[in-house]
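None of the values given here were measured: they were computed from a predicted structure. Chain naming here is simple, since letters A, B, ... match the order of the sequence lines and numbering starts at 1 in each.
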There are 2 protein chains.
Amino acid sequence: MAVAGGAGSRPMRADARRNYDRLLEEARQAFVTHGTDVALEDIARSAGVGIGTLYRHFPDRTALMTAVFETELDALSVRGTELLTLDPPTEALRLWLRDVALHTAMYRGVAAILMASQNPFTAACRDRLREAGGALLRRAQEAGEVREDTEIADLLKLTHAVLLAAEKSPEDRELFGRLMGLIMDGLRAKTG
Amino acid sequence: MAVAGGAGSRPMRADARRNYDRLLEEARQAFVTHGTDVALEDIARSAGVGIGTLYRHFPDRTALMTAVFETELDALSVRGTELLTLDPPTEALRLWLRDVALHTAMYRGVAAILMASQNPFTAACRDRLREAGGALLRRAQEAGEVREDTEIADLLKLTHAVLLAAEKSPEDRELFGRLMGLIMDGLRAKTG
DNA sequence: TCACTATACGGAGGTGACCTCCGTTTACGC
DNA sequence: GCGTAAACGGAGGTCACCTCCGTATAGTGA
C-alpha cells in the first residue's frame with residue numbers, strides 16, 4: 001500500500017502528516033487494548049483531533065485497520081524471506097503461519113477483516129501476505145513435503161479462519177496450535 | 001433447549017404463543033434473505049408486533065438466532081443418527097459435517113455465533129451438535145480410520161471456521177469443499 | 001355473563017455509534 | 001505579508017439498539 005503522501009502526490013501538509021501519524025498510533029493502541037470494534041470517536045479524541053479529521057484520513061474502519069496492520073505486514077514479509085533458508089521447508093512454512101497468527105492476533109478483529117474479500121484495502125493486505133507465503137509454500141512443495149494441489153490463498157484463509165476460532169475461544173489457549181497441527185498434517189497427506 | 005411454554009411453566013397465553021411463532025417464522029425468512037444482522041425492528045414489523053414484544057420473547061439477537069436454528073439442529077440430530085449405519089465411518093462423518101455446513105450456511109452469520117462460547121443460548125446449540133457429531137467421530141476412531149487425538153469440539157470449531165471463511169468468499173463456491181478436504185485428510189493422518 | 005388479575009402488548013424515547021457537511025483555520029509558496 | 005489550496009473540527013442527521021411503563025386482553029372463577 002502506498003505510504004500516505006508518498007510518491008506521485010505532493011507531500012502532505014505538516015499538520016496533516018502529524019495528525020495522520022498520531023491517529024495511526026492511537027488506533028494501534030486502541031485496537032490492541034479494546035479490539036477493532038472500539039469507537040472511532042474515542043480514537044480521534046485520544047489523538048486530539050476531530051472525528052472529521054479521522055474520516056478524512058481513513059474513509060472507513062477497515063482503512064484504519066489495514067493501515068495499522070501494515071507494520072505487521074512488513075515484519076511478516078521480512079520473516080518470510082528469512083525463513084526461506086530454514087530447513088526443512090515444511091517447518092519453515094509452519095513457523096511462518098504461526099507468525100502470521102501471532103501478528104494478526106495482536107488486534108482482535110483483524111482476522112475477520114482479512115477474510116473478507118470485498119474491500120480494496122484488505123485486498124492489498126492479502127496480496128502482500130500471499131506474496132510472502134507463496135514462496136514458502138512453493139519451496140515446501142518442490143521439496144515434495146507438501147501436496148501439490150494446495151494454494152497459498154487457501155492456506156491463508158484457513159489460517160485466518162482458525163485464528164478467528166481461537167479468538168472466539170479465548171479460554172482455550174492451545175486451540176490454535178491443535179487446529180493448525182491438524183491442518184499441517186493434512187498438507188503432508190498424499191494427494192487423492 | 002426447552003420449548004417455550006413447555007414442561008414446567010404453565011402454557012403461554014394464546015396471543016403470546018401466536019406472536020412467538022410469527023416472530024420465529026419472520027426471523028427465519030429475514031435471516032435467510034438478509035443475513036443475521038438484519039434490523040430486529042424490521043422482523044418485528046413483518047411479524048406485525050411491536051419491538052417490545054420481540055425483545056420480551058427473545059432477549060437478544062443471539063436468542064432469536066439460536067431459536068431459529070433449533071429446527072436445523074433437529075434435522076442434524078436425526079441425520080447424525082441415520083449416518084451411524086453408513087460405511088465407511090469416515091465418509092459418514094464427512095457427510096454429516098457437510099450437512100452441518102449446509103444447514104448453517106442457510107443463515108449468513110450463524111457460523112460466527114456458533115463459534116463464540118459466552119452466550120448460554122449458543123452453548124446449548126453447540127452441545128446438541130457435539131452430541132450428534134461425537135457419536136460419528138467415535139465410530140470413525142474405533143474403526144481406526146481417524147486419529148485418536150481429535151475431539152468433536154475441535155472438529156466442529158474447525159468446520160464452523162471454514163464455513164465462515166467460505167461465507168466471506170462467496171465468489172468461490174468450491175472453497176468450503178477444498179478446505180474441508182484438507183482437514184479430512186489431516187484427520188486420517190497418523191498421529192505424531 | 002361478568003369482573004378480576006396475571007400476562008402480554010406496543011411504541012415512544014433515551015442511548016450510542018456512524019458518518020457527512022461546511023464554515024473556519026492554517027500551512028506554505030510566492 | 002498575502003492568497004489560496006489544504007486541512008481541521010464538531011454539530012447534527014441517521015440508524016439501530018434496548019428499556020420502560022401505561023394500556024390492552026386472555027383466561028379464570030364465581
Side-chain angles (χ1 to χ4, degrees), chain A residues 2-6 8-27 30-31 33-67 108-109 112-113 116 118-119 121, chain B residues 2-6 8-27 30-31 33-67 108-109 112-113 116 118-119 121:
Chain A
V3 170
S9 57
R10 75 171 48 136
M12 291 170 94
R13 239 170 64 169
D15 51 350
R17 162 104 269 151
R18 192 166 53 239
N19 286 335
Y20 182 94
D21 292 342
R22 285 211 61 187
L23 279 168
L24 211 50
E25 182 47 33
E26 292 299 331
F31 288 165
T33 312
H34 303 104
T36 54
D37 50 0
V38 63
L40 295 186
E41 323 227 51
D42 289 352
I43 294 178
R45 199 174 314 115
S46 325
V49 305
I51 185 65
T53 299
L54 185 149
Y55 276 98
R56 189 163 335 95
H57 286 302
F58 306 100
D60 59 30
R61 167 177 246 105
T62 301
L64 185 51
M65 287 169 64
T66 54
R108 187 160 25 93
I113 283 294
Q118 300 82 356
N119 193 298
F121 294 101
Chain B
V3 170
S9 58
R10 76 170 47 137
M12 290 170 93
R13 237 170 68 171
D15 52 352
R17 160 105 269 149
R18 193 167 50 239
N19 287 334
Y20 181 95
D21 291 343
R22 285 211 62 187
L23 279 168
L24 211 49
E25 183 48 32
E26 293 298 331
F31 288 165
T33 311
H34 302 106
T36 54
D37 49 1
V38 63
L40 296 185
E41 324 226 53
D42 289 351
I43 295 178
R45 197 173 317 116
S46 326
V49 305
I51 186 64
T53 299
L54 185 149
Y55 277 99
R56 192 167 331 97
H57 287 301
F58 306 99
D60 58 31
R61 168 176 243 103
T62 301
L64 185 51
M65 287 169 63
T66 55
R108 188 160 25 95
I113 284 293
Q118 300 81 355
N119 192 298
F121 294 102

Axis-to-axis angle across the helix from C:dT1-D:dA30 to C:dC30-D:dG1, five pairs each end, nearest 10 degrees, ~ 0°

Separation of C:dT5 P from B:R10 CZ (nearest whole Å): 15 Å

Just the endpoints, please: which first and last nucleotides of DNA chain D, 5' to 3', lie under 4.0 Å from a heavy atom of chain A? D:dA5 to D:dA11

Whole-Å gap separating C1' (C:dC18) and CG (A:L64): 14 Å

Short side-chain N/O contact to C:dC9 OP1/OP2 from B:N19, under 4.0 Å: yes

Letter by letter from the 5' end, nucleotides 22-30 of chain C scores (B base, S sugar-phosphate only, - none; protein heavy atoms under 4.0 Å) ----BSS--

So which pairs with a foot in residues 35-49 of chain B pass side chain to side chain donor-acceptor pair (under 3.5 Å), sequence neighbours left out? B:D42-B:R45

Do the non-hydrogen side-chain atoms of A:F121 and A:I113 ever get within less than 4.5 Å of each other? no

Please list, chain by chain and in numerical order, all residues satisfying side-chain contact (heavy atoms from CB on, under 4.5 Å) with A:L24, sequence neighbours excluded. A:Y20, A:F58, A:L64, A:A67, A:V68

List the residues meeting side-chain hydrogen bond (donor to acceptor under 3.5 Å, both in side chains) with B:R13, not counting sequence neighbours, and say none if there are none. B:D15

Counting N and O atoms only, with roles assigned by atom type, does the side chain of A:T33 sit under 3.5 Å from a partner on the main chain of A:A30, one being a donor and the other an acceptor? no

Please enumerate all residues that pass side-chain contact (heavy atoms from CB on, under 4.5 Å) together with A:E25, with sequence neighbours excluded. A:R28, A:Q29

Position toward the 5' end of DNA chain D (nearest nucleotide), A:A16 or B:Y55: A:A16

To the nearest 0.5 Å, what is the distance between CG (B:N119) and OG1 (B:T62)? 4.5 Å

A:H34 NE2 - C:dA17 P separation (whole Å): 12 Å

Closer to the 5' end of DNA chain D via nearest nucleotide, is it B:G52 or B:R61? B:R61

Identify, residue by residue, the members of residues 39-47 of chain B with a heavy atom below 4.0 Å from DNA chain D, and return them in order of residue number, or none. B:A39, B:L40, B:E41

List in chain and number order the residues that pass side-chain contact (heavy atoms from CB on, under 4.5 Å) with B:R22, two or more places apart in sequence or in another chain; answer none if no residue qualifies. B:E26, B:A47

Could you list all the salt bridge (charged side-chain N to carboxylate O under 4.0 Å, His left out) pairs where at least one residue sits in residues 46-60 of chain B, not counting sequence neighbours? none

Might you point out which heavy atoms bring A:M12 and A:H57 nearest each other, and give the distance in Å? CE-CE1, 3.4 Å

Between CD1 of A:I51 and CG of A:L54, what distance do you get to the nearest 0.5 Å? 5.0 Å

Nearest heavy-atom neighbours spanning A:A44 and A:L23: CA-CD2, 4.1 Å

